[in-house]
Amino acid sequence: MADSVVSCFEQAQAAIAAGQVDRAGQLYLQATDFLKPQEHRRWGELFQQAGQWDWAEALLRRLARQHPTMPEAWTDLGTLLVSRDQLPEAQACFAKAHRLRGWPESGDRGYWFSRDWFSNQLPNWVNWVQPLANRGPVQALEIGSFEGMSACWLLDRVLLDPEARLTCIEPEIRSTLRDNLDRSGRAPQVTLLSQLSWEALAQLPVDHYDLAYIDGCHAPWVAFRDAVMTWPLVKVGGLVVIDDYRYVGLPEDCPQFGVDLFMLLFTHCFEVVFSGYQLFLRKVRDWQPLTVPWQRAAEATTDPLLLDALAWALARSHQWDAAQQLCERAIGLAPQVAAPYLTLAEIWAQHQPEFSDQDLAHYGPLTRSLVQVFGHSLPGFALKTVPVGTGYDLEPLVAYLQALEKNTYWHEPVSNLLTVLERQGKQQGMPQAMAAWLDRLHHPPADGLALPHRPDLWRLIGDLAIASNNATAAALAYRCALH
């Protein structure tokens, strides 16, 4: 029968690929009496991925009826109902799943969540985090709070002492987060920091926290930096939990690459309490950077952004030569990426503030010009002194400016920017396109197409557009320079 069930699923996949949705539904009904609960969920994912929401909803409702004590059934149904704007019933489903997992306060206090990415990890949190409540006034840190599900659980189950405190770092604090904290009855015990993680972490006290939960940006180089900066803030014996450690997706969305690099660099500083989808580490000692061979970590990656992050970590401990070597390697691997230029300039600004042209002789002209312009006087650039070469040469310069002014570590190629400028100018007309781009300058989006409001930069882009015979983009760029 197991082979028959597998065959039905494979046939359903083929049917959906061929647009035969009803056929796929018939195959599900044919197999449903023989499916295990997790196999029902797999069918539900199949229908959702195909955009067959009615079939997916019917399937998940059937699963919840047949297995009413299965938390995953209610979580899956709640998530689907949110996407279909059936919010009150979705909240009831989440509350039921939480009650089944031993957290009745979620429903009793009326917490509101649009997603549940947390409660499936509660068995591990009950085992490893909840016992911290016996330590008295626990001090906890959370990077990435979203709507506050993990924060509310901590307030309900761990931060029970009136002197216990929770610090939440969340760049965009939602009203839902504040509302849920208010419903917990312990909002005064919570400090909300509306900052990027590395900005906030730099301000927090060392050797202070009993628990740190890292659930921020998935990018591996950001996960690495978050872990490095969090470590000195946690007491020896404290617990560090890293979410999405086993997340599978695009490499740039997988924290594990950065976390593994962190563990190589911080070898002997921790013990692994549990390793699954989430990673639980207990701190056993502080990092002693000058006694740790960094070469092993450097050999473990060829990702230029991870190499840059490693260089940044070494520069923090004043290992300037090692950091510079890693920047050079990162630039050699990907000269169009902004971050290593920024790190290299910061290294030279601190370590070699009076470097000479001779020191830069073995670098290419672009790297030399970047460091010459930016290495001494951050952020007072003198763009007019930078030689304008090919479009390819200009891309790292634009990326570098973005990194400096937006504090980000990725960029949109200039060629893509010019294409967008040209398309908007032709489709919307110049006045409307100009207004849209001015709005972008004052309210930058997070799609990589925003640029600093610097007239000299826009003039350079206009020059590049002229060289590319793109008159529409050039006109828009020059108009941006005038505003």
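Index from 1, following the sequence.
Here the CG-CG distance, from Asp207 to Leu233, works out to 9.5 Å after rounding to the nearest 0.5 Å. Taking CD of Glu89 as the start and CG of Leu77 as the end, the distance is 6.0 Å to the nearest 0.5 Å. For the atom pair Leu29 CG and Trp43 CH2, the distance stands at 9.0 Å (nearest 0.5 Å). If you take OG1 on Thr167 and CG on Leu201, they are separated by 10.5 Å, rounding to the nearest 0.5 Å. Rounded to the nearest 0.5 angstrom, Leu132 CG and Leu160 CG are separated by 11.0 Å. Between Tyr213 atom OH and Ser150 atom OG the span is 5.0 Å, to the nearest 0.5 Å.
Between the side chain of Arg165 and the main chain of Pro162, a donor-acceptor pair closer than 3.5 Å is present. Listed for the Gln139 side chain is no donor-acceptor partner under 3.5 Å among the backbone atoms of His208. Without hydrogens or angle criteria, Gln91 side chain to Pro88 main chain gives no donor-acceptor distance under 3.5 Å.
Residues Gly78 and Phe94 share a closest heavy-atom pair of C-CZ, 3.6 Å. Of all heavy-atom pairs spanning Ala297 and Leu261, the tightest one is O-CD1, 3.2 Å. Nearest heavy atom pair, residue Pro340 against residue Pro304, reads CG-O, 4.4 Å. For Leu155 against Leu181, the heavy-atom pair with the smallest separation is CD1-CD2, 3.8 Å.
By the ring pair (Phe, Tyr, Trp, His ring centres under 6.0 Å) test, Trp112 pairs with no residue at all, sequence neighbours left out. Residues passing the ring pair (Phe, Tyr, Trp, His ring centres under 6.0 Å) test with Tyr277, sequence neighbours excluded: none. For Ser106, the side-chain contact (heavy atoms from CB on, under 4.5 Å) partners two or more places apart in sequence, or in a different chain, are His98, Trp103, Tyr111, Phe113. Legend: residues meeting ring pair (Phe, Tyr, Trp, His ring centres under 6.0 Å) with Trp117, ordered by chain and number and at least two apart, are Phe146. Annotation: salt bridge (charged side-chain N to carboxylate O under 4.0 Å, His left out) contacts of Arg174 (sequence neighbours excluded): Glu170. Qualifying side-chain contact (heavy atoms from CB on, under 4.5 Å) partners for Val272, counting only residues two or more places apart in sequence or in other chains: Phe270, Ser275, Leu279, Leu281. Taking the salt bridge (charged side-chain N to carboxylate O under 4.0 Å, His left out) definition, one finds that Glu72 meets it with Arg101, sequence neighbours left out.
More than 12 heavy atoms of other shown residues, nucleotides or ligands fall within 6.0 angstrom of atom CD in Gln203.
Legend: salt bridge (charged side-chain N to carboxylate O under 4.0 Å, His left out) pairs involving residues 105-117, not counting sequence neighbours, sorted by first then second residue: Arg99-Asp108, Glu105-Arg157, Arg109-Asp156. Applying the ring pair (Phe, Tyr, Trp, His ring centres under 6.0 Å) definition to pairs two or more places apart or across chains, those involving residues 51-92 are Phe47-Trp55. For residues 228-253, every residue pair satisfying the salt bridge (charged side-chain N to carboxylate O under 4.0 Å, His left out) rule, not counting sequence neighbours, is listed here: Asp210-Lys235. The salt bridge (charged side-chain N to carboxylate O under 4.0 Å, His left out) analysis of residues 275-284, with sequence neighbours excluded, yields the pairs Glu271-Arg282, Lys283-Asp286. For residues 11-27, no residue pair satisfies the salt bridge (charged side-chain N to carboxylate O under 4.0 Å, His left out) rule, not counting sequence neighbours.
In the model, Ser145 has a side-chain atom that pairs as donor or acceptor with a side-chain atom of Glu142 under 3.5 Å. Counting only N and O atoms by type, the side chains of Ser114 and Glu147 include a donor and acceptor under 3.5 Å apart.
Between Arg41 and Glu45 there is no salt bridge, since no side-chain nitrogen of the basic residue lies less than 4.0 Å from a carboxylate oxygen of the acidic one.
Taking the six-membered ring wherever Trp is involved, the centroid distance between the rings of Trp221 and Phe257 does not fall below 6.0 Å. Taking the ring centroids of Trp287 and Trp231, they lie at or beyond the 6.0 Å cut-off.
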Can Leu192 and Arg178 be said to form a side-chain contact (heavy atoms from CB on, under 4.5 Å), step by step? CA-CA 9 Å; Leu192 297 178; Arg178 294 186 185 277; 3.6 Å; yes

